[in-house]
J.: 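Take a look at the following structure, please.
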Amino acid sequence: MRSRISPIAVAVVVIGAAVTLVAADDIKPSNNHSADSNLEGSNSASSAPVGDDEQVLRAACTAYCDAVNKGDLDAVIGMWADDADFVADNGERIQGRDALKKMFAQHLQTMKGKTHCYEITSLRMIAPGVALEDGVATLAGGNAGESMPGTRYTALWKRNGDRWQICSVRDLGEAPAGRKRTSPLKGLNWLLGDWHSESADVEVQLSVVQTLDDSFIKQTYDVKPKNGEAFTVVTLIGWDPTSEQIRSWYFDSQGGFGDGFWAQDGNSWSVSSTGAIADGRLGTATNSWKFVDDNSIVWQATNRQLEGVPMPEMEVKFSRAQGTAKVNGPPVEPEGKSTN
């Protein structure tokens with residue numbers, strides 16, 4: 001007969017991948033029924049379910065940069081909406097695909113041998129199917145002497161069917177000289193420290209530290225059920241340069257593992273997670289970490305599924321352990337790519 005594990009114990013072991021160690025009838029739903037998290041970020045311009053907007057849009061941004069650097073005029077123009085416009089920093093406005101195609105035909109010819117880079121400093125959903133991207137565009141030639149100052153920009157994206165397209169871009173002029181890039185992980189510094197959660201069923205100790213020359217944040221969960229075997233979960237959080245997004249990888253002492261992509265929404269971070277438990281079953285969920293104050297944080301799991309079967313929502317509240325160091329203040333908006 002399968003032993004039962006308390007809801008909080010289950011919640012903690014699935015923090016990395018939002019899967020569960022027990023079947024749906026082994027756990028109780030929490031009273032929390034928060035709305036779906038507002039995801040930031042993105043990915044490819046190819047077909048994908050609406051729920052994958054975060055990944056699809058970010059891949060679309062990457063595909064656009066690749067098309068520009070390849071000089072592929074048709075691919076570049078294909079990512080702009082029919083009535084899209086571009087406004088230069090001097091106020092000049094170019095509207096419509098025909099006008100944009102003429103502009104890019106000239107631009108791409110003069111840029112041969114040079115490399116564009118679009119550094120996304122903020123990418124967030126502002127309405128269903130609408131996203132706003134802020135960033136800095138740079139252009140480099142064959143040597144450092146040909147490099148040009150970065151140019152700030154903002155771009156409005158809209159979903160058209162199963163694709164994302166650019167509706168409007170504003171050139172905001174040169175980025176300030178000497179602008180420093182901040183590690184994207186800075187926005188998670190409020191997680192650092194020792195935390196504690198306890199109920200009638202289980203006690204959880206959570207330690208969060210920087211590791212590997214501060215390139216990663218390591219979370220270690222020591223879970224001690226009042227009736228049952230203790231176990232440990234380890235999560236590494238870092239910057240993934242291939243997707244230009246904060247990402248986490250988790251492993252538990254019972255053989256489960258998984259990963260997730262992070263996106264900020266005010267004082268919370270949502271984590272789109274997938275993973276496998278020791279018996280091979282796969283699960284998905286949207287996890288979230290919420291900053292309450294310097295001494296309180298909340299973890300929630302919504303949209304949970306195990307092998308396609310919906311699972312109850314869950315919530316765990318943590319309090320900072322007495323006498324441990326803290327980083328004051330709520331999450332900050334990450335700026336630029338990690339230099340770690």
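Only heavy atoms go into these numbers, but all of them, side chains included; no hydrogens, no water, no symmetry mates.
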J.: Can you find a pair of side-chain heavy atoms, one from Leu100 and one from Ile77, that are under 4.5 Å apart?
T.: yes

J.: Whether Arg281 and Asp279 form a salt bridge (side-chain N of Lys/Arg under 4.0 Å from carboxylate O of Asp/Glu) is what I want to check.
T.: yes

J.: Taking everything shown except Asp98 itself, do over 12 heavy atoms lie less than 6.0 Å from its CG?
T.: no

J.: Given the rule in the side-chain contact (heavy atoms from CB on, under 4.5 Å) test, do Glu315 and Val298 qualify, once you have shown the distances and angles that lead to the verdict?
T.: CA-CA 7 Å; Glu315 179 178 289; Val298 175; 3.7 Å; yes

J.: Say whether Gln305 and Glu307, considering side chains only, have a donor N or O and an acceptor N or O under 3.5 Å apart.
T.: no

J.: Can you find a side-chain donor-acceptor pair between Glu133 and Tyr118 that sits under 3.5 Å?
T.: no

J.: Is there a donor-acceptor pair under 3.5 Å between the side chain of Lys226 and the backbone N or O of Ser199?
T.: yes

J.: May I ask you to check whether Trp80 and Phe104 place their ring centres under 6.0 Å from each other?
T.: yes

J.: Any carboxylate oxygen within less than 4.0 angstrom of a Lys/Arg side-chain nitrogen, looking at Arg152 and Glu119?
T.: no

J.: Looking only at heavy atoms, what is the nearest atom pair of Leu185 and Ile237, with distance?
T.: CD1-O, 4.0 Å

J.: Checking side-chain contact (heavy atoms from CB on, under 4.5 Å) for the pair Val233/Tyr250: CA distance, chi angles, key distance, verdict?
T.: CA-CA 7 Å; Val233 183; Tyr250 107 99; 3.5 Å; yes

J.: Determine whether a donor-acceptor pair (N or O, by modelled atom type, separation under 3.5 Å) exists between the side chain of Ser253 and the backbone of Thr232.
T.: yes

J.: Does the distance from a Lys or Arg side-chain N to an Asp or Glu carboxylate O, for Arg124 and Asp134, drop under 4.0 Å?
T.: yes

J.: Take atom NZ of Lys70 as the centre, draw a 6.0 Å sphere, and report whether it contains more than 12 heavy atoms from other residues, nucleotides or ligands.
T.: no

J.: Kindly give the heavy-atom pair with the smallest separation between Met311 and Leu306, and that separation in Å.
T.: CG-N, 3.8 Å

J.: Are Val169 and Thr154 close enough, and set up right, to give a side-chain contact (heavy atoms from CB on, under 4.5 Å), and what steps lead you there?
T.: CA-CA 6 Å; Val169 171; Thr154 184; over 6 Å; no

J.: Can you tell me if Arg159 uses its side chain to pair, donor with acceptor, with the backbone of Trp164 under 3.5 Å?
T.: no

J.: Is a side-chain donor-acceptor pair under 3.5 Å present for Trp262 with Ser248?
T.: yes

J.: Between Trp190 and Lys186 (side chain of the first, backbone of the second, donor and acceptor by atom type, cut-off under 3.5 Å), is there such a pair?
T.: no

J.: Counting C-beta onward and ignoring hydrogens, is there a side-chain heavy-atom pair between Ile120 and Cys61 closer than 4.5 Å?
T.: yes

J.: Looking only at atom types and distance, does a side-chain atom of Thr211 sit under 3.5 Å from a main-chain N or O of Phe216, one as donor and one as acceptor?
T.: no

J.: If you take all heavy atoms of Trp299 and Ala301, which pair is closest and at what distance?
T.: CH2-CB, 3.5 Å

J.: Within a strict 4.5 Å, meaning less than it, do heavy atoms of the Glu313 and Asn303 side chains meet?
T.: no

J.: Between the side chains of Asp259 and Thr274, does any donor sit under 3.5 Å from an acceptor?
T.: yes

J.: Checking side-chain contact (heavy atoms from CB on, under 4.5 Å) between Arg320 and each of Asp293, Asn295, Asp194, Leu206, which is the one that passes?
T.: Asn295

J.: Looking at Gln95 and Phe86, would you say the former's side chain and the latter's main chain have a donor-acceptor pair under 3.5 Å?
T.: no

J.: Heavy-atom distance under 4.5 Å between the side chains of Val130 and Met125, does that happen here?
T.: no

J.: Under a 3.5 Å distance rule, please check whether Arg247 uses its side chain to pair with a backbone N or O of Asp240 as donor and acceptor.
T.: no

J.: With sequence neighbours excluded, tell me which residues meet salt bridge (Lys or Arg N to Asp or Glu O under 4.0 Å) with Asp85.
T.: Arg93, Arg170

J.: Verify, without hydrogens or angle tests, whether Asp171 (side chain) and Gly173 (backbone) share a donor-acceptor contact under 3.5 angstrom.
T.: yes

J.: Please work out which of the three classes, parallel, tilted or perpendicular, describes the rings of Tyr64 and Trp157, given edges at 30° and 60°.
T.: perpendicular

J.: For the residue pair Val316 and Ser197, what are the closest heavy atoms and their distance?
T.: CG1-OG, 3.7 Å

J.: Nearest heavy-atom pair of Gln245 and Ala263: which atoms, and what distance?
T.: NE2-CB, 4.4 Å

J.: Stepwise, does the side-chain contact (heavy atoms from CB on, under 4.5 Å) test hold for Phe231 with Asp252?
T.: CA-CA 7 Å; Phe231 55 90; Asp252 70 59; 5.6 Å; no

J.: If you compare all heavy atoms of Val202 against all heavy atoms of Val223, which two are closest, and at what distance to 0.1 Å?
T.: CG2-CG1, 3.6 Å

